[in-house]
Amino acid sequence: MIQHDRPSSHRQPLSLREKLQLAPLLLVMLGLFGGALVLGLLQSFGFAPWFGINEFPNPDYFVALWSSPDFWLSLGLTLYYGVVSTLLGLIISVPLALAFERRFCGSKVLLAVSRLPLMVPYSVGIALALIMLGNGGIISRLAASLGLISDPGAFPAILHSHWGWGIIAVYVWKQVPFMTMAILAVLLGLGQGTREAAMVLGARTHQVFWRVTLPQLMPGIVSASLICFAFNVGAFEAPFILGGGYPETLPVLAWRYFNDANYVYQLQGMAVIVSLTLVSGVILAGYLFAYRRFERKRGRL
Amino acid sequence: MASASLRSLTFGQKLLILAVLAFTIGPFAPLIIQSLAFRWAWPDLLPSVWWLEQRQISPFPLAWDYVLSPTSKVLEATVNTIGIGVAVSLLCLLICLPAARVLARANFRGKKRLEFFLSLPLLVPEAAIGIALLMIFTGLGLSGTYVGVIIVHLIPTVPYMVRMLTAVYQGLDQGFEDNARVLGANDWQVLTRVTLPMLMPGVLAGALFTFLVSTNLFLLTFFIGQGSIVTLPTLLFSQISGGAMGATAAGIALVASLPGLILLVLSDRLIREEAFALGIGE
């Protein structure tokens with residue numbers, strides 16, 4: 001968000017007591033989370049003494065992975081789902097947050113109701129997608145009752161297809177409430193003063209939106225889209241159930257490798273996961289970098 | 001004039017809210033109908049035979065009879081989900097409460113970097129954490145155990161909890177604690193009589209949110225639980241992983257939505273929008 005530069009003269013080394021208070025958190029974060037990252041990296045380079053494999057550093061798993069066109073197809077598919085559903089989520093969430101910001105009659109109840117997808121597991125969303133979007137689903141039945149199709153097979157394949165809308169629909173369904181909350185939080189923190197001033201000074205509605213509202217909302221938009229994108233590229237159950245088989249998204253591919261009876265494939269699966277983490281890390285870092293440049297240009301950083 | 005137009009909805013906004021509600025809540029109607037259906041062939045918009053008509057004459061349990069019977073493991077999964085959620089919330093609170101106090105009050109070198117590191121678990125793909133940890137946990141004998149699942153649930157919950165609690169501590173005036181000390185209270189008394197009561201709303205919101213995240217987690221439970229720990233998300237996953245939706249799967253999906261629905265009613269007053277001001281990338 002906006003950087004609040006505090007004078008560095010106030011900085012003091014932590015007392016022993018404060019260090020002890022931070023210790024459990026650091027233990028979990030460094031030991032568990034950091035440990036998982038380091039171990040994953042080591043394994044993908046051929047370090048697995050528990051299988052009797054210790055060829056560190058062996059880049060073969062990456063070489064084999066990156067030289068296969070399948071990997072790039074899977075990566076493309078993974079990123080496609082991540083980017084499209086995050087963008088679509090934002091396109092719905094920003095106007096939705098702006099609508100809910102106006103405390104109209106019943107807005108609190110409607111806002112709470114619209115939050116339901118946030119509260120239930122992804123697999124419920126997948127179940128809803130199966131019931132709505134399948135060839136024998138509700139939308140297909142509605143199309144039949146309108147006389148548009150006469151056979152379930154004539155309904156376009158939304159699920160179990162590549163580049164299809166099924167997976168994206170689940171992500172958007174689950175994440176619109178999350179994004180709306182994050183953006184609404186920023187809106188409520190800002191108040192309407194600047195926008196009202198712009199309107200009084202004669203700005204048109206679309207000018208207020210593009211020149212005032214949207215730039216002000218950037219911190220919330222960036223945070224929410226970072227989290228949702230990272231989740232989407234790492235998600236497993238939606239592409240596993242609703243995907244169209246080969247080529248699969250990278251988490252599903254890694255899971256297949258990982259469940260292979262031949263344990264050497266587990267290291268290959270680790271290389272898939274590390275590659276995915278690297279690519280999404282580079283994208284997220286680039287996004288953050290661009291955002292910080294944008295804020296610096298506007299003089300907020 | 002300008003402010004009036006900022007406070008009422010335009011026609012487009014009303015349409016948007018209706019459309020979004022139809023999209024988010026609407027699909028639950030066919031889910032409920034599906035769970036009660038016995039025969040629901042294409043292209044009927046309602047079932048031709050309902051569950052209740054068949055249940056007396058059926059030799060084997062149907063839909064809700066099955067969901068509510070022990071064979072479906074729904075009860076076991078519900079107890080597991082809630083138990084793990086409560087344990088994770090308490091543990092997470094114990095870990096984050098002292099740390100949040102330091103993060104809110106002390107100003108030390110590397111604090112910004114530490115704060116960024118604390119939000120990293122939200123940015124690293126869950127599959128990466130799950131598969132890597134499965135290795136370690138299998139070595140430690142923790143995979144497939146409750147302890148293992150509870151520990152691994154800490155990774156996605158700690159970032160939210162520490163953020164929410166730090167915000168709560170920042171809003172707490174340190175003067176009250178100082179006053180209590182001046183008046184002769186010891187550290188324990190200050191904590192239990194002054195700090196905790198004032199932190200309570202924030203602590204409760206953080207715990208509820210942690211519980212929510214934990215009860216919705218699938219991937220980490222699935223990887224670390226190794227199929228021997230069944231929670232509502234993993235049970236539902238195994239029901240629908242074939243890509244088809246039957247009446248029993250619909251029933252289980254409804255049961256899996258219940259904790260969230262209950263929390264939605266409870267949390268309406270507890271979880272404030274401000275808690276979602278995430279602020280990553282400072």
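In what follows, every chain begins at residue 1, and chains take the letters A, B, ... in the order their sequences are listed. Computed from a predicted structure; not experimentally measured. FYI, side chains are in, hydrogens and waters are out, and symmetry mates aren't considered; it's all heavy atoms of this structure.
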Please classify the contact of [X] with chain B as side chain, backbone, both or neither, using a heavy-atom distance under 4.5 Å.
X: A/Leu39; answer: side chain
X: A/Phe240; answer: side chain
X: A/Ser15; answer: neither
X: A/Ser114; answer: both

Using non-hydrogen atoms only, which part of [X] is less than 4.5 Å away from chain A: side chain, backbone, both, or neither?
X: B/Ala249; answer: neither
X: B/Leu120; answer: both
X: B/Arg101; answer: side chain
X: B/Phe211; answer: neither
X: B/Ile151; answer: both
X: B/Phe222; answer: side chain
X: B/Leu261; answer: both
X: B/Val162; answer: side chain
X: B/Leu118; answer: both

Please check if the side chain of A/Lys174 supplies one atom and the backbone of A/Val120 the other of a donor-acceptor pair under 3.5 Å. yes
Minimum heavy-atom separation for A/Pro121 to B/Thr215, with atom names? CG-O, 4.4 Å
Could you check whether the rings of B/Phe223 and A/Phe236 sit parallel, tilted or perpendicular, using 30° and 60° as the cut-offs? perpendicular
Contacts of B/Ser214 meeting side-chain hydrogen bond (donor to acceptor under 3.5 Å, both in side chains) (sequence neighbours excluded), chain-then-number -> B/His153
Ranking B/Leu16, B/Leu31, B/Leu21, B/Ile131 by heavy-atom pairs under 4.5 Å to chain A gives rank one to B/Ile131
Closest-packed option against chain A by number of heavy-atom pairs under 4.5 Å, given B/Ala250, B/Ala128, B/Ala253: B/Ala128
Hey, would you say the A/Tyr122 and A/Phe231 ring centroids sit under 6.0 Å apart? yes
Rounded to the nearest 0.5 Å, what separates atom CG in A/Leu128 from atom CZ in B/Phe23? 10.0 Å
